[in-house]
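Notes for the one structure printed next.
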Amino acid sequence: MARTPFIAGNWKMHKTGREAVETVTALLPLVAPAEGVDIVVCPPFTALADVGRVLAGSRVELGAQDMHWEAQGAYTGAVSGPMLWDLGCTYVIVGHSERRRHFRETDDDVGRKVAAAFAQELVPILCVGETLEERDAGRTEEVVARQVRLGTADLPPQAAGQLVVAYEPVWAIGTGRAATGEEANRVSGLIRGWLRERFGDAAEAVRILYGGSVTAQNIEEFAGQPEIDGALVGGASLDPRTFAAIVLAAAGRA
Ligand code: PGA
């Protein structure tokens, strides 16, 4: 099945509202020639409203980096799906390894967020991936299988095909040490297989991204793999020229 390539930029805790607006203002003309690729930027919460106004009506979509699973309530400091939707978000990153590690998010939390995102008309980008310790212990498959299973535990089957999964080995994030295309393709194939067991043919429509030290230089290695449909880009998404180069390379594969 032909899946539309997908490139998302995760800005993490970078850029004020003004800096974010400058970045997307520079990005839009650079990605204008990129056809047949879905493009998403995920600024910090504080820049979503400003960036959303710049992106309105453009082909670049807006995503958030996290959300709470409840629509509203006594959760000081948290942000909910309807609040994100109201700002123009259509995607939300869920279960990023930095959330799991620094904020103690569990697989169950992640599963609740995935289900809540769909209930609130946002498409979740579910992040999974093993640590270096888990990899060295030969536990990659066990860990990623569990994250996929619990992350999609409450996912309504009719929504499954819209899901986006990002395979991000933790040891490759922000380290300059990307996985090989072959290895990322192998794990992505396993992820699709596990999704197929649960959701049947809908798994063929799921976009599976690679994330971890993706650059304009190595994107081809991932975008060229049959099981990989694009990338979740951190550091290299902060510069509009670099991010646009990644988008254009992925579009060339369409
Ligand atoms: P990186 O981050 O591209 O800076 O390695 C990827 C991510 O955390 O999504």
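Below, all heavy atoms of this structure are taken into account, side chains as well, without hydrogens, waters or symmetry copies. Just so you know, ligand 1 is whichever comes first in the structure, and atom 1 is the first atom listed for that ligand. Keep in mind that this is a model prediction, so the values were computed, not measured. We number each residue from 1, following the sequence as shown.
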Check ligand 1 against [X] and write out every atom of the ligand that is under 4.0 Å from a heavy-atom position of the residue.
X    : result
G212 : 5 (O)
L232 : 9 (O)
G235 : 1 (P), 3 (O), 4 (O)
H96  : 7 (C), 8 (O), 9 (O)
K12  : 2 (O), 7 (C), 8 (O)

Would you say the side-chain atoms of R207 pair up with the backbone N or O of L163, donor to acceptor, closer than 3.5 Å?
->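 No: the side chain of R207 does not pair with the backbone of L163.
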Do you know which two heavy atoms are closest between P124 and V94, and how far apart they sit?
->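 The pair with the smallest heavy-atom distance is CB-CG2, 4.1 Å.
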Considering only heavy atoms from C-beta outward, does the side chain of R192 approach that of E227 to under 4.5 Å?
->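 Yes. Closest side-chain heavy atoms under 4.5 Å.
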Mind checking whether Y91 and F6 have side chains closer than 4.5 Å, heavy atoms only?
->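 In contact.
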Please round to the nearest 0.5 Å and tell me the distance separating atom CD1 of I191 and atom CZ of R196.
->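 So the CD1 of I191 and the CZ of R196 are separated by 12.5 Å.
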Report the residues that fulfil salt bridge (charged side-chain N to carboxylate O under 4.0 Å, His left out) with E70, sequence neighbours left out, ordered by chain and then residue number.
->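 Per chain and number, E70 pairs via salt bridge (charged side-chain N to carboxylate O under 4.0 Å, His left out) with no residue.
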Which residue owns the protein heavy atom closest to atom 9 (O) of ligand 1, what's the atom, and how far is it?
->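 Nearest protein contact, heavy atoms only, for atom 9 (O) of ligand 1 is E168 OE2, 2.6 Å.
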So which pairs with a foot in residues 85-103 pass salt bridge (Lys or Arg N to Asp or Glu O under 4.0 Å), sequence neighbours left out?
->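 Passing the test, one end in residues 85-103: K12-E98, D66-R99, R99-E105, R100-D107.
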Would you kindly specify which portion of N10 sits under 4.0 Å from ligand 1, judged on non-hydrogen atoms: side chain, backbone, both or neither?
->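 Looking at N10 and ligand 1, just side chain atoms fall under 4.0 Å.
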Among G211, G234, G174, G176, which one has a heavy atom closest to atom 5 (O) of ligand 1?
->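 Answer by nearest heavy atom: G174.
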Are any of the heavy atoms in S213 under 4.0 Å away from ligand 1?
->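 Within the 4.0 Å threshold, so yes.
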